[in-house]
Amino acid sequence: MPESLQAGGWGLLAGSALLIGAAAGWYARVPQRVIASIMAFGAGTLLSAVSFELIVKAYEHGGVLPTTLGAAAGAVAFTLANVVLARRGGQHRKRSGRRQPTEAQRPGSGNAIAVGALLDGIPESVVIGASLLGGKTVSLVTVGAVFLSNVPEALSSAAGMRHAGRSRRWVFTLWTLIALATGVSAVAGHILLGDASPAALAAITALAAGGILAMIIDTMVPEAFENAHLLAGLITVAGFLIAFAVAHP
């Protein structure tokens with residue numbers, strides 16, 4: 001199978017977790033404390049992937065300077081985009097309670113939430129595609145971390161969308177499209193980065209890492225901390241250590 005199709009398949013696998021999470025958030029009426037705990041665990045797995053899969057690999061490819069500049073640029077880009085979306089009603093897109101505004105309260109907030117949810121997933125998918133470059137096998141740790149983090153992200157967000165009065169059709173159409181976009185982004189990451197120099201590959205990998213790290217702090221940690229309280233840190237560390245142990249058996 002061509003590597004680009006493999007990249008798309010792994011991206012779709014990671015993205016399928018969004019539909020699982022959305023279904024749980026819409027139908028299961030999961031308590032907010034449980035959602036927050038799952039979110040904390042997902043944040044821990046992603047932090048581990050960023051630390052030991054993305055930043056370390058970026059450093060091995062290009063050294064300190066491309067890695068540092070790339071990560072800083074990714075964090076800045078995500079933050080600026082997040083500020084724009086927050087001003088349009090997308091700030092609480094991953095909150096499970098009643099933080100998300102209704103369309104009546106904030107016209108256009110549904111579009112901002114949709115764009116924000118898509119923005120959150122693109123860097124992860126690009127990295128999945130890039131991990132196959134050079135005939136390498138996919139980074140199962142990265143795929144696993146993205147999958148595990150996607151479940152609580154969509155679960156929490158879908159629960160918040162339900163509270164905000166958005167329709168079931170709107171919610172599941174959104175998460176289906178985003179799941180498909182993760183596959184497309186993985187393919188794009190593999191194709192576009194195929195001829196990149198080691199320094200460029202390092203910078204782009206670090207760019208994704210910086211964006212993911214900023215996303216974790218801006219959108220996942222607030223949900224985990226507010227409802228899990230003092231257990232949030234412990235659960236996050238558990239997710240981090242489990243992902244680390246899987247990557248370093």
Side-chain angles (χ1 to χ4, degrees), residues 14-43 46 77-125 146-182 184-185 211-212 214-229 231-232 235:
S16 67
L18 295 170
L19 295 175
I20 296 172
W26 185 269
Y27 292 111
R29 304 298 195 270
V30 182
Q32 283 187 275
R33 186 173 290 271
V34 174
I35 295 175
S37 298
I38 300 172
M39 185 73 88
F41 185 86
L46 267 187
F78 177 88
T79 300
L80 291 176
N82 199 42
V83 168
V84 173
L85 292 170
R87 291 175 177 174
R88 287 163 172 75
Q91 180 177 3
H92 300 299
R93 57 187 176 272
K94 290 185 180 175
R95 305 306 294 271
S96 60
R98 300 184 183 276
R99 293 293 191 93
Q100 292 186 27
T102 65
E103 201 63 24
Q105 293 171 331
R106 195 73 176 273
S109 58
N111 291 334
I113 289 170
V115 173
L118 178 62
L119 171 71
D120 296 340
I122 288 177
E124 304 163 351
S125 306
V146 173
F147 186 97
L148 289 174
S149 64
N150 277 345
V151 172
E153 288 180 44
L155 192 160
S156 180
S157 185
M161 291 171 183
R162 174 169 49 80
H163 286 308
R166 293 186 165 83
S167 70
R168 181 174 59 184
R169 175 180 294 181
W170 189 91
V171 170
F172 284 98
T173 298
L174 170 65
W175 289 112
T176 299
L177 291 175
I178 294 174
L180 292 174
T182 60
V184 174
S185 298
I212 293 170
M215 181 274 292
I216 294 169
I217 301 303
D218 285 347
T219 68
M220 297 181 73
V221 170
E223 172 71 12
F225 177 77
E226 182 171 338
N227 293 297
H229 295 294
L231 292 178
I235 296 170

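Side-chain atoms are counted along with the backbone in the values below, which use heavy atoms only and exclude waters and symmetry mates.
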Is a side-chain donor or acceptor of [X] paired with a backbone partner of [Y] at a separation under 3.5 angstrom?
X    : Y    : answer
S149 : V146 : yes
E223 : M220 : no
S185 : A181 : yes

Taking all atoms of both residues into account, what is the closest heavy-atom pair of [X] and [Y], and its distance?
X    : Y    : answer
W175 : A117 : CH2-CB, 3.9 Å
A154 : A22  : CB-N, 3.6 Å
S37  : I235 : O-CG2, 3.2 Å
A17  : F147 : CB-O, 3.3 Å
L118 : I178 : N-CD1, 3.9 Å
A214 : T79  : CB-OG1, 4.3 Å

* Run the numbers on I212 and F78 for side-chain contact (heavy atoms from CB on, under 4.5 Å), then give the verdict. => CA-CA 8 Å; I212 293 170; F78 177 88; over 6 Å; no

* Asked: Who passes salt bridge (Lys or Arg N to Asp or Glu O under 4.0 Å) against E153, sequence neighbours left out?
  ->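 Residues passing salt bridge (Lys or Arg N to Asp or Glu O under 4.0 Å) with E153: K94.
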
About how many Å separate [atom2] of [Y] and [atom1] of [X], when rounded to the nearest 0.5 Å?
X    : Y    : atom1 : atom2 : value
D120 : T219 : CG    : OG1   : 5.0 Å
I35  : R29  : CD1   : CZ    : 10.5 Å
T182 : L18  : OG1   : CG    : 6.5 Å
I113 : S157 : CD1   : OG    : 7.0 Å

* To do: Using the test side-chain hydrogen bond (donor to acceptor under 3.5 Å, both in side chains), find all partners of D218 that sit at least two apart in sequence or belong to another chain.
  =>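 For D218, no residue satisfies side-chain hydrogen bond (donor to acceptor under 3.5 Å, both in side chains) once neighbours in sequence are set aside.
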
* To do: Tell me, with the steps shown, if R168 and R162 meet side-chain contact (heavy atoms from CB on, under 4.5 Å).
  => CA-CA 8 Å; R168 181 174 59 184; R162 174 169 49 80; over 6 Å; no

* R166 and L174: CA distance, side-chain angles, deciding distance, side-chain contact (heavy atoms from CB on, under 4.5 Å) verdict -> CA-CA 11 Å; R166 293 186 165 83; L174 170 65; over 6 Å; no

* Asked: Would you call N150 and E124 a side-chain contact if the rule is heavy atoms closer than 4.5 Å?
  ->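 A side-chain contact exists here, since the closest heavy-atom pair is under 4.5 Å.
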
* To do: Determine which pairs satisfy salt bridge (charged side-chain N to carboxylate O under 4.0 Å, His left out) with at least one residue from residues 104-117, sequence neighbours left out, and list them in order.
  =>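 As it turns out, there is no salt bridge (charged side-chain N to carboxylate O under 4.0 Å, His left out) pair with a partner in residues 104-117 once direct neighbours are skipped.
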
